[in-house]
Amino acid sequence: MHKVLVIGTGPAGLTAATYLARASLSPVVIEGLEPGGQLTTTTEVENFPGFPEGIMGPELMDNMRKQAERFGAEFRNGWVEAVDFSKRPFQVTLEGGERLESETVILSTGASARYLGIPGEQENVGRGVSTCATCDGFFFRGKKLLVVGGGDSAMEEANFLTRFATEVTIVHRRGELRASKIMQDRAKANEKIRWALNRTPLEVVTEDGGKVKGLKVRNNTGDQEQLLEADGVFVAIGHTPNTKFLGGAVATDEHGYIVVKPGTTETNVPGVFACGDVQDTRYRQAITAAGSGCMAAMDCEKFLEGSMVHDWSGPTGS
């Protein structure tokens, strides 16, 4: 029997684990198939507070893991196959059939960016291919960029990238966009944005030195192939929250994101909390995920201890 199980090890889960461990709640953290979350696939992170010179994504996550371990968090490798939140203690079943029981559970499994699934894409993530304009736009000052997608996210990413790029071209496989009218109007009014509609992406093309050269597409109106030259390709076709394994055990919205009580990390199941991108449809930043991980730990501690207040600052201050 455990007091707390934390499922997921991105910034949210690791922050929650650190707070819980310092509160002597002995959290057990299930790492899953992608320990460290999306930041392990990024290169330099320049917008996480406390690192004026920036820090590599994998290094940041490794540091956060070591910090949680320092205070006694236990890490378990494994993939959660099923959960039972119908009664306490909650049951979590790992691959291979191992079953863990816990008084509380924190869900921090994140959301996975959707990719195009074309040649040259995955091998160039972090080296010219990105799924986050807020994270990587700064690195493309004075460059030409492509944004693939036709929804609100693509319009928002394109507009943001014009702060840095000389030119941003929106690539979409259909002739009509899925974005709301106001987002389309904003993009069309931006003088730096160009359009490549009715183009199906085929391959991310690189030069001999590995630098991204552009995107090979098929013009759907004439069926001919062409190369859209650019220094970077931003894929903006949405995210998929990692909630399938829950099997409906907690309430989610129509897109699969976990619904929490506003201003808290509480789900509709008392004793089950959610933090990070798995419940965040708007910000999806490492720092906001970490902040919500802190919230989840404090909500969880309050649930376990009732009205007793824990001194989170510790004997030596925060």
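Note that the structure is a prediction, hence the values are computed from the model and not measured.
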Answer whether the closest heavy-atom distance between the side chains of Lys66 and Asp62 falls below 4.5 Å.
-> yes
Before accepting this row, confirm whether a basic side-chain N of the pair [X]/[Y] lies closer than 4.0 Å to the acidic partner's carboxylate O.
X	Y	result
Arg76	Glu98	yes
Glu31	Arg65	yes
Lys213	Asp231	no

Under 3.5 Å, is there a donor on one side chain and an acceptor on the other for [X] and [Y]?
X	Y	answer
Asp299	Thr264	no
Asp136	Ser130	yes
Thr206	Asn124	no

With distance as the sole test, does [X] use its side chain to make a donor-acceptor pair with the main-chain N or O of [Y] at under 3.5 Å?
X	Y	value
Asn198	Asn220	no
Asn219	Asp223	no
Thr243	Gly256	yes
Arg199	Leu197	yes
Thr109	Asn242	yes
Asp277	Asp280	no

Side chain to side chain contact (heavy atoms under 4.5 Å, CB included) test vs Ile118 passes for just one of Thr200, Leu202, Val217, Val204, namely Val204
Taking atom CD of Glu191 as the centre, report whether more than 12 heavy atoms of other residues, nucleotides or ligands fall under 6.0 Å from it.
-> no
Does the side chain to side chain contact (heavy atoms under 4.5 Å, CB included) test come out yes or no for Ile7 and Val105, once each step is laid out?
-> CA-CA 8 Å; Ile7 305 177; Val105 173; 3.9 Å; yes
Would the Phe90 and Phe85 ring centres measure less than 6.0 Å apart?
-> yes
Please check if the distance between the ring centroids of Phe139 and Phe164 is under 6.0 Å.
-> no
Is Phe75 reachable from Met61 through a run of hydrophobic residues whose side-chain heavy atoms are each under 4.5 Å from the next?
-> yes
Leu25 and Val92: same hydrophobic cluster, using ILVMFWY side-chain contacts below 4.5 Å?
-> no
Can you tell me how far [atom2] of [Y] sits from [atom1] of [X], rounded to the nearest 0.5 angstrom?
X	Y	atom1	atom2	value
Ile106	Thr265	CD1	OG1	6.5 Å
Ile170	Arg194	CD1	CZ	11.5 Å
Gln285	Ser292	CD	OG	12.0 Å

